[in-house]
Amino acid sequence: MSKYKRSLVELRDKAVFNWPKELLDKAGEASILPLLLRTQDKFISILTLADSDPESWQKLVDLSLDMPGNLFLKHLMVLSDLGGESLNKYPPISKYFKRNQMDYIWKTKKYSYQFNIIFQKVPLTNSSLKVDGKSLVKGYKLNDKMKDVVMLILYGATALNGNLPDSEKFMIGSLLGKSDEIQNFVKQNYIRVSRQISGATSTKLGSLAEEFVIDILKEKLPTCKINLFKQIEGTTFDIVVCTPTHKFFGIEVSFQYTTNSTIERKAREAKDLAQLLHNAGHFICHVIDGAGNINIRENAVSTICRYSDCTVAFSKEEIQLLAKFIQENS
């Protein structure tokens, strides 16, 4: 195919698959879900390998380049359904554990853990634990407060000398080293998490994706009018470019890190939409990327590629190629 009209195979070769870091930095809290999904396998491997003693997880986290301490803690909090607001009710932990010590059972043996920080009345909000969106993107090493919370989440349910409210949430430590059980637990819980927050996340990141595309197009096409959600021939597009010669380019932007049905709708409409614009002398273009699109919705993306005049991936170089297509066809 041409350098503009691509097949799925050609598009996959240019795809970035995961959200660029600069967009996650802007996204704030909306960045959390794609970051967690991207690092899910690493998290699972740490839980699986941490089977020599109840604190062996820390050595793996400290050595990992991809799993800083605050991100590991966030994974545990999400899986345990414990947000910063919930955790903030527990300090001082001394009201549950005498001598600031948690005695617990792991693999039928008794162990003890001495709390370093949270035996005092200290905040355990998302920001204080460095598990808010911006902190997670930046990455922070494990500190004493984080370690206290990790140990509580892992082993609080098996504590012998405490009586934690909602103690059933503090049980993940019982799964350490059990590969199949960890896989099932993590995957099932992330289905729940994705359903809870993916809608708002997708809306926020979708807006940022469109802004990313527009910024590059405006830089490369200074004489064109470029707008969000404008109509061509009665149909609304994510982005519309109008050239000085009154050529219109309808641009659809789709970046999915998980599976999503929107791309299926766009595929069903692709042929009729292309015909509508072509009959009026205009063009249909697509920016498509993300593992959910490229690797999961292959048939839908293939259909869109077939009827798209120009299909590019989600990188600066690819958007510049889209701008070049617009210039050549103005």
Side-chain angles (χ1 to χ4, degrees), residues 32 35-82 84 87 90-91 93-94 96-119 122 124 126 128-131 135-136 138-162 164 166-190 193:
I32 293 175
L35 183 60
L36 292 175
L37 291 171
R38 194 173 75 222
T39 55
Q40 184 184 95
D41 289 341
K42 183 65 177 182
F43 174 69
I44 289 172
S45 72
I46 289 175
L47 295 185
T48 302
L49 294 171
D51 62 348
S52 58
D53 68 70
E55 295 186 41
S56 59
W57 59 267
Q58 184 176 354
K59 300 171 189 174
L60 297 168
V61 171
D62 288 343
L63 290 172
S64 176
L65 297 176
D66 304 318
M67 186 62 63
N70 64 330
L71 182 55
F72 181 75
L73 172 57
K74 184 64 177 183
H75 273 285
L76 290 175
M77 290 171 63
V78 169
L79 289 177
S80 303
D81 198 19
L82 288 164
L87 285 171
Y90 287 91
I93 211 72
S94 55
Y96 304 112
F97 299 101
K98 295 179 180 179
R99 303 185 307 279
N100 309 324
Q101 177 177 300
M102 178 174 65
D103 299 325
Y104 62 96
I105 299 294
W106 187 69
K107 291 189 176 181
T108 72
K109 293 183 180 180
K110 179 182 175 182
Y111 294 87
S112 295
Y113 176 75
Q114 195 76 37
F115 292 104
N116 297 295
I117 301 292
I118 67 173
F119 64 86
V122 293
L124 294 184
N126 286 337
S128 70
L129 289 170
K130 305 294 185 187
V131 293
S135 296
L136 288 169
K138 185 174 181 180
Y140 286 89
K141 289 185 176 181
L142 203 69
N143 59 32
D144 285 344
K145 183 191 283 188
M146 293 179 200
K147 183 179 179 181
D148 280 356
V149 176
V150 169
M151 290 298 290
L152 186 66
I153 292 175
L154 288 176
Y155 304 114
T158 64
L160 300 172
N161 61 330
L164 282 174
D166 298 319
S167 61
E168 69 279 359
K169 294 185 177 182
F170 301 82
M171 51 67 65
I172 295 180
S174 64
L175 302 177
L176 295 186
K178 301 175 181 178
S179 178
D180 290 343
E181 291 183 40
I182 291 170
Q183 287 273 357
N184 291 334
F185 181 78
V186 173
K187 299 292 184 183
Q188 286 300 315
N189 275 276
Y190 267 106
V193 172

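- Side chains of Asn161 and Lys98 form no contact here, defined as non-hydrogen atoms less than 4.5 Å apart.
- Across Lys42 and Ser64, no two heavy atoms sit closer than the pair CE-OG, 3.2 Å.
- Aromatic rings from Tyr96 and Phe115 are positioned such that their centres are separated by 6.0 Å or more.
- Using a cut-off of 4.0 Å between Lys/Arg side-chain N and Asp/Glu carboxylate O, Lys107 and Asp53 are scored as not salt-bridged.
- Considering all non-hydrogen atoms of both residues, Pro68 and Gly139 come closest at CG-CA, 3.9 Å.
- Minimum heavy-atom separation, Pro54 to Tyr155: O-OH, 2.6 Å.
- Residues Asp51 and Lys178 fail the side-chain proximity criterion, which asks for heavy atoms closer than 4.5 Å.
- Between Glu181 and Asn184 there is no side-chain heavy-atom pair separated by less than 4.5 Å.
- Residues Ile117 and Lys147 are not in side-chain contact: their nearest non-hydrogen atoms beyond the backbone lie 4.5 Å or more apart.
- Leu71 contributes atom CG, which lies 10.5 Å from atom CE of Met146 (distance to the nearest 0.5 angstrom).
- Residues Ile118 and Lys145 form a side-chain contact, since some pair of their non-hydrogen atoms from C-beta on lies under 4.5 Å apart.
- Remark: Lys169 NZ to Met77 CE distance equals 11.5 Å, nearest 0.5 Å.
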Practice problem: Go through the steps to decide whether Leu79 and Phe185 satisfy the test side chain to side chain contact (heavy atoms under 4.5 Å, CB included), and finish with yes or no. | Solution: CA-CA 8 Å; Leu79 289 177; Phe185 181 78; 4.1 Å; yes
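- The CG atom of Asp103 lies 9.0 Å from the CZ atom of Phe97; values are rounded to the nearest 0.5 Å.
- Between Thr48 and Ser179 the shortest heavy-atom distance is CG2-CB, 3.9 Å.
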Practice problem: Go through Leu129 and Leu87 one step at a time and tell me if the side chain to side chain contact (heavy atoms under 4.5 Å, CB included) criterion holds. | Solution: CA-CA 10 Å; Leu129 289 170; Leu87 285 171; 4.2 Å; yes
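- Relative orientation of the Trp57 and Phe72 rings is parallel, given thresholds of 30° and 60° on the angle between their planes.
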Quiz item: How far apart are the C-alpha atoms of Trp106 and Leu154, what are their side-chain angles, what is the distance that settles it, and do they pass the side chain to side chain contact (heavy atoms under 4.5 Å, CB included) test?
Solution: CA-CA 10 Å; Trp106 187 69; Leu154 288 176; over 6 Å; no
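- Gln114 has its side chain within reach of Asn100: a pair of non-hydrogen atoms, C-beta onward, lies under 4.5 Å apart.
- Residues Ile93 and Asp148 form no side-chain contact, since every pair of their non-hydrogen atoms from C-beta on lies 4.5 Å or further apart.
- With rounding to the nearest 0.5 Å, the separation of NE2 in His75 from CG in Asn70 is 10.0 Å.
- Looking at every heavy atom in both residues, Leu60 comes nearest to Ile46 through CD1-O, 3.6 Å.
- When all heavy atoms are compared, the tightest approach of Ala157 to Ser167 is CB-O, 3.2 Å.
- The NZ atom of Lys130 sits 8.5 Å away from atom CG of Asn143, with the distance rounded to the nearest 0.5 Å.
- A donor-acceptor distance shorter than 3.5 angstrom exists from the side chain of Ser94 to the backbone of Phe119, with no hydrogens or angles considered.
- Residues Tyr90 and Asp166 meet the side-chain proximity criterion, which asks for heavy atoms closer than 4.5 Å.
- Atom CE of Met151 and atom CE of Met102 lie 5.0 Å apart (nearest 0.5 Å).
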